[in-house]
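In what follows, a structure is listed as structure tokens, so that the remarks can point back to it.
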Amino acid sequence: MRRKVVAGNWKMHKNYSEAVSLVSDLKNELINENLKCDVIVCPPFTFLEAAHTVVKSSEIQLGAQNMHFEEKGAFTGEVSAEMLKSVGCEYVILGHSERRKIFEESDETINKKVRAALAAGLRPIFCIGETLEEREGGKMFDVLGTQLKEGLKEVDAEGMGKIIVAYEPVWAIGTGKTATPDQAEEAHQFVRKTLGEIFDDGVAEKTVIQYGGSVKPNNAAELLAKENIDGALVGGACLEAESFLEIVRAAP
Ligand code: PEP
């Protein structure tokens, strides 16, 4: 039985005091709650240490939104996996469609990051997803298959056991358009089948596959009720404690 995992991707939002206040509100609200899912918050780099100070005595886990694949060196402006570990991160979002599109990250770059994160003991939240054009052109399964195969190259079964896959159709991110629960379930079934081909059915069955793309309090429950939807990666709705908590509490 897979435990659901709800993660909040804050993207480039909040200042220091807003960040501390949001994470403190989440902690205080969830402190005596018997959580039905794991909860991860992914603030910007600059607030990770402060967020860690708040959440370390709670069940909330910490993730970053990106990292570089090299261990160290002359990479101005970049942050390594080890640096993220040293400020209390357990997770890192990799391959987000905004990184793929705006920052032109290729499957090869994302694969290097996935492997570097695992080597440093960080758990990747590995994002994949098709554009609207790709979906309408009948290429969705090809695109998802390629992103999975290329992004997970040279990852072994043990490494895969540490990875969360986030299926995020690009057309649903930040647009208010959500995949219907059936559309999402269809993609998740395909992801699980493909993981079975790359690894084996045991690995595929254990892998947590989150859905991301305009998850809101009013649609979370029906998405999370689907058999192969093991959680949510939430953007916009994670920026307010109330809406993020409603999604967390929608986990069956
Ligand atoms: C995301 O950026 O991962 C995301 C799913 O954003 P939103 O929930 O705002 O669509």
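Given the structure is predicted, the values throughout are model-derived calculations rather than measurements.
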Do Ser58 and Leu30 make a side-chain contact, defined as non-hydrogen atoms from C-beta onward lying under 4.5 Å apart?
no
Min side-chain heavy-atom separation Asn111-Phe69 under 4.5 Å:
no
Does this structure show an ion pair linking Glu105 with Lys113, if we count only N-O contacts that are shorter than 4.0 Å?
yes
same_hphob_cluster(Ile164, Leu122) at 4.5 Å side-chain heavy-atom cutoff
no
Are any of the side-chain nitrogens in Lys153 or Asp107 under 4.0 Å away from the carboxylate oxygens of its partner?
no
Taking every heavy atom of Val23 against every heavy atom of Ala51, the minimum-distance pair comes out as CG1-CA, 4.2 Å
Ser24 backbone acceptor or donor facing Asn28 side chain under 3.5 Å:
yes
With heavy-atom distances below 4.5 Å as the criterion, would you say the side chains of Thr178 and Leu223 are in contact?
yes
Between Val5 and Gln210, is the side chain to side chain contact (heavy atoms under 4.5 Å, CB included) condition met? List the steps.
CA-CA 7 Å; Val5 183; Gln210 293 176 320; 3.7 Å; yes
Can any side-chain N or O of Tyr16 pair as donor or acceptor with the backbone N or O of Glu18 at less than 3.5 Å?
no
Does the side chain of Glu185 reach to within under 4.5 Å of the side chain of Glu227, using non-hydrogen atoms?
yes
Going by atom types alone, do Thr131 and Glu134 pair a side-chain donor with an acceptor below 3.5 Å?
yes
To the nearest 0.5 Å, what is the distance between NE2 on His96 and SG on Cys42?
10.0 Å
Out of curiosity, Gln189 CD to Tyr167 OH, how far, rounded to the nearest 0.5 Å?
12.5 Å
Using a strict 4.0 Å threshold on nitrogen-to-oxygen distance, state whether Glu33 and Arg249 make a salt bridge.
yes
Pair Ser106, Thr109: side-chain N/O donor-acceptor within cut-off below 3.5 Å:
yes
Is Asp38 salt-bridged to Lys4, going by a charged N under 4.0 Å from an acidic O?
no
Within the 4.5 Å heavy-atom criterion, are Glu90 and Arg123 side-chain neighbours or not?
no
Cationic N near anionic O, under 4.0 Å, Glu104 to Arg99:
no
State yes or no: do Val170 and Val165 share one hydrophobic cluster built from I, L, V, M, F, W and Y residues joined by side-chain heavy-atom distances below 4.5 Å, directly or via other members?
no
Please step through side chain to side chain contact (heavy atoms under 4.5 Å, CB included) for the pair His52 and Ile60, ending with a clear verdict.
CA-CA 9 Å; His52 178 61; Ile60 301 172; over 6 Å; no
Note: Arg192-Asp230 ion pair, threshold 4.0 Å (strictly below):
yes
Answer yes if Ile163 and Ile128 sit in the same cluster of Ile, Leu, Val, Met, Phe, Trp and Tyr residues linked by side chain heavy atoms under 4.5 Å apart, and no otherwise.
yes
Do Phe103 and Glu98 make a side-chain contact, defined as non-hydrogen atoms from C-beta onward lying under 4.5 Å apart?
no
As an exercise, state the distance from CG of Leu22 to CG of Leu239, rounded to the nearest 0.5 Å.
7.5 Å
Which residue pairs satisfy the salt bridge (charged side-chain N to carboxylate O under 4.0 Å, His left out) criterion with at least one member in residues 47-75, sequence neighbours excluded?
none
Going only through I, L, V, M, F, W and Y residues with side-chain contacts under 4.5 Å, is there a path from Phe126 to Ile198?
yes
Show me the donor-acceptor pairs within less than 3.5 Å that the side chains of residues 142-149 make with the rest of the protein, sequence neighbours left out.
unit_1	atom_1	unit_2	atom_2	d
Thr146	OG1	Asp142	O	2.9
Gln147	OE1	Gly129	N	2.8
Gln147	NE2	Gly129	O	3.3

Within 6.0 angstrom of Glu78 CD, more than 12 heavy atoms from elsewhere:
yes
If only side-chain N and O atoms count, and only distance matters, is there a donor-acceptor pair under 3.5 Å linking Gln65 with Tyr91?
no
Nearest 0.5 angstrom please: Met83 CE to His68 NE2, how far?
10.0 Å
Separation between CD of Glu168 and CD1 of Ile173, rounded to the nearest 0.5 Å
4.0 Å
Is it possible for you to say whether Ile40 and Ile209 belong to one hydrophobic cluster, with membership spreading through side-chain heavy-atom contacts below 4.5 Å?
no
For the atom pair OG (Ser86) and CG (Leu84), what is the distance rounded to the nearest 0.5 Å?
7.5 Å
Is a side-chain donor or acceptor of Tyr211 paired with a backbone partner of Asn228 at a separation under 3.5 angstrom?
no
Are any of the side-chain heavy atoms of Ile93 and Cys127 separated by less than 4.5 Å?
yes
Can you tell if the side chain of Ile229 reaches within under 4.5 Å of the side chain of Pro181, non-hydrogen atoms only?
no
Got a salt bridge between Arg115 and Glu154, using NZ or NE/NH1/NH2 to carboxylate O under 4.0 Å?
yes
What pair of heavy atoms forms the shortest contact from Gly159 to Leu118, and how long is it?
O-CD2, 3.7 Å
So, the side chain of Arg3 versus the backbone of Cys37: is there a donor-acceptor pair under 3.5 Å, distance only?
yes
